[in-house]
S.K.: 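Before we start, here is the structure in question, set down as structure tokens.
Counting convention: from 1, in listed order, for ligands and their atoms alike. Numbering starts at 1 and runs along the sequence shown.
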Amino acid sequence: MKYSSLVDIYEKIEATSKRLEKTYYISELLKKTVEKDIPTIMLLIRGRLFPDWNKSKIGVASKLVLKAINTSSGAGISTIETMWKEIGDLGLVAEKVISNKSQSTLFSQDLSVEKMFSNLRKLVTMEGSGSVDRKTQLIAELLSSAKPKEAKYIVRTVLEDLRVGIGDGTMRDAITWAFLPVKVDFDFEKISIEVDREEYNNSANIVQSAYDKSNDFSRVAIAAKKGVSELEKISLIPGNPIKVMLAQKVLSIDEGFERVGEPAMIEYKYDGFRMQIHKFSEQIKILTRRLEDITKQFPEVVAYVKNHVEGKSFIIDCEAVGFDSKTEKYLVFQHISQRIRRKYDIENLAKKLPVELNVFDVLFYNGENLLDTPLVKRRALLEKIVREEKFKIIVSKKIVTSNKSDALKFYEDSVSKGNEGVMLKSLNSPYKPGSRVGFMVKLKSSMDTLDLVIVGAEWGEGKRSGWLTSFTLACIDDNGNFLEIGKVGTGVKEKAEEGLSFGELTEMLKPHIKQEKGREVVIKPEIVLEIKFEEIQASPTYSSGYALRFPRVIQARDDRMPEECSTLEMVQKEFEGQKKQ
Ligand code: AMP
């Protein structure tokens, strides 16, 4: 397929904010795409090079792209920089610069989707000396044979910032419209569809379920093109990460019961970090909730799983909690977060900051997919296969009850042991990867915090020069837009020994800088911070419509994806909750 055909679709999708219209364009594109191109198209349509379960990044800095635009167009670096400052999007800059170029491009060859894709993938593997030059050269080559609009999307794809806003739901629906045997009439005038709802939901559910198991829309689309029976053959594969199920928040035991039903399974909510652990062909793989592989950082956990969990192949869902080996007291997440990042001296750190693995779910066992098996049965299996040993591996502590006072007592027990609160879970619920569907809810004890994404900052002055300071924070709305909710500097330390420092945070943010204007820096939403605050106020200053009073940084949540940050709905709920108190 010609890259220009894909670019036409990008343009149409970018021009509308209507989900149904976007779905229509992608479904039409899919219908036209030959099978061999489907995997590539499914990725490139969202500006990606790898399926969701693969965390490889292109990781090319804006400065390098700027040089590539300069090489391919002959426009001066300072001219490009000035335009970038004015327009704020290097993609648009590339489009403009290339369209000013001499006639010669008119005779250049058509760029194909395959070439574009394979060249971009090369960028990911280029390492070592001279790699910056080779990367610049490669991008410049692509841009040289590109038409202006193509240049815009090449640059945005390289910078992993496509800006067309396509969510998982849109992808699922586009595959359903394109390939499932359900009639969908899209009305362009009214931007609405006419369908038999029940039939449609059934079809969409089949696609969703295949995606839940594979975490890979390319694989799902190819199977869907072949037919429903192929889709239904898609199963979990231990070793391939799947998204973790997320929890909604409740403010009381009553609300918890209301949400998950009675009786409910109630468990301690441990304050550690999530580990999805796979066993396959005698191998153990540990993933964070961002699905990053942290197996190497946790050799002792690998040993616990090998020695204490029975089974040839499985996927288990767990929370790793730190404890002090001398006092045998559990520690909050903050203490052990460095274990996720540390790449050297791992054995020593493991001794200094040991973790206990609390297993709370099993999703796959000895060849069998358990996602649709009711929680009570999954739990019963878990209790059979895990041989518990305190401070190594245990099954999460639980009760099953519909009695409010028992539930409250259990909650108080949990908090008194230093846990965050409790989780309430529906007894008969399936496991829904990636969703906050309300099959499990969390009830926390402490004053609330929000997990917010950094989208901007300011370069410091005086003794803080060279550091990013005053961080602009954002929450996320239903459409995946990041909305600003305030600025924070308090809580970040000047000295690294005292906790999360400006220096450390600056290093974390630098690769994600999108644009700079004077001291102001725009940052790609990547880094999540846990923020404490006194109060939420309604405010016209920020795009969320809210502002935080006295925000304070508690810690970086390296284990969280930006899309997993606090939602606008949570902020609204918190705001309403305050008014009631
Ligand atoms: P939160 O991080 O506040 O959204 O709360 C949900 C997180 O609590 C999950 O992602 C897990 O990492 C953690 N967690 C701790 N204990 C449990 C448990 N017993 N069941 C499920 N999740 C738990």
S.K.: Can a donor-acceptor pair be found between the side chains of Y330 and E356 at a distance below 3.5 Å?
M.R.: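 The criterion, which ignores hydrogens and geometry beyond distance, is satisfied for E356 and Y330.
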S.K.: What protein heavy atom lies closest to atom 9 (C) of ligand 1? Include the residue and the distance to one decimal.
M.R.: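 Scanning the protein heavy atoms, the shortest distance from atom 9 (C) of ligand 1 goes to R274 NH1, 3.4 Å.
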S.K.: Please determine if R436 has a nitrogen or oxygen closer than 3.5 Å to a nitrogen or oxygen of ligand 1.
M.R.: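 Between R436 and ligand 1, no N or O pair is found under 3.5 Å apart.
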S.K.: I'd like to check which ligand 1 atoms, numbered from 1 as shown, lie under 4.0 Å from a non-hydrogen atom of M423.
M.R.: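 Numbered from 1, ligand 1 contributes 17 (C), 18 (C), 19 (N), 20 (N), 21 (C), 22 (N).
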S.K.: Taking 4.0 angstrom as the limit, do E564 and R274 come out as a salt bridge?
M.R.: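 Salt bridge: no.
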S.K.: Any chance the side chains of N54 and S56 put a donor and an acceptor closer than 3.5 Å?
M.R.: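 The answer is yes; a qualifying pair exists.
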S.K.: Numbering the atoms of ligand 1 from 1, which are under 4.0 Å from a heavy atom of K425?
M.R.: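 Atoms satisfying the 4.0 Å criterion: 18 (C), 20 (N), 21 (C).
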S.K.: Would you check whether Y270 has a nitrogen or oxygen atom less than 3.5 angstrom from a nitrogen or oxygen atom of ligand 1?
M.R.: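 Looking only at distances, the answer is yes, because the N/O contact criterion of under 3.5 Å is met.
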S.K.: Mark up the atoms of ligand 1 that fall under 4.0 Å of a heavy atom belonging to K444, in ascending order.
M.R.: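 Ligand 1 atoms under the 4.0 Å threshold to K444: 3 (O).
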S.K.: Charged N to carboxylate O below 4.0 Å: is that the case for K243 and E563?
M.R.: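 Result for this pair is no, no salt bridge flagged.
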S.K.: Any carboxylate oxygen within less than 4.0 angstrom of a Lys/Arg side-chain nitrogen, looking at R560 and D451?
M.R.: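 Result for this pair is yes, salt bridge flagged.
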S.K.: Suppose we measure from atom 13 (C) of ligand 1 to each protein heavy atom; which comes out shortest, and what is that distance?
M.R.: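 Scanning the protein heavy atoms, the shortest distance from atom 13 (C) of ligand 1 goes to E319 OE1, 3.2 Å.
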S.K.: Among all the protein's non-hydrogen atoms, which is closest to atom 3 (O) of ligand 1, and how far away is it?
M.R.: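 Checked against all protein heavy atoms, atom 3 (O) of ligand 1 sits closest to K442 NZ, 3.0 Å.
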S.K.: Below a 4.0 angstrom heavy-atom separation, can you tell me which part of K269, side chain or backbone, both or neither, approaches ligand 1?
M.R.: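 Both backbone and side chain of K269 come within 4.0 Å of ligand 1.
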S.K.: Which ligand 1 atoms are under 4.0 Å away from a heavy-atom of R560?
M.R.: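 Within the 4.0 Å cut-off of R560, ligand 1 contributes 1 (P), 2 (O).
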S.K.: In terms of side-chain geometry, is the basic nitrogen of E534 or R549 positioned less than 4.0 Å from the acidic oxygen of its partner?
M.R.: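 Not counted as a salt bridge, because no side-chain N and carboxylate O are separated by less than 4.0 Å.
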S.K.: Identify, for atom 23 (C) of ligand 1, the protein heavy atom at the shortest distance, and state residue, atom and that distance.
M.R.: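 In this structure, atom 23 (C) of ligand 1 has F360 CE2, 3.8 Å as its nearest protein heavy atom.
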S.K.: Give a yes-or-no answer on whether the side chains of E530 and T449 include a donor-acceptor pair shorter than 3.5 Å.
M.R.: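 Distance-only check passes for E530 and T449.
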S.K.: Under 6.0 Å from the ring centre and within 45 degrees of the ring axis: does the NZ or CZ of R342 meet both conditions for the six-membered ring of Y344?
M.R.: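 Yes, R342 lies over the aromatic ring of Y344.
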S.K.: Would you mind running through ligand 1 and noting each atom that sits below 4.0 Å from a heavy atom of E267?
M.R.: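 Here the atoms of ligand 1 in question are 18 (C), 19 (N), 20 (N).
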S.K.: Under the salt bridge (Lys or Arg N to Asp or Glu O under 4.0 Å) test against E504, which residue among K510, K495, R341 passes?
M.R.: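 Per the salt bridge (Lys or Arg N to Asp or Glu O under 4.0 Å) rule, the option paired with E504 is R341, out of K510, K495, R341.
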S.K.: Hey, is Y268 touching ligand 1 through its side chain, its backbone, both or neither, going by heavy atoms under 4.0 Å?
M.R.: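 It is the backbone that gets close, since no side chain atom is under 4.0 Å.
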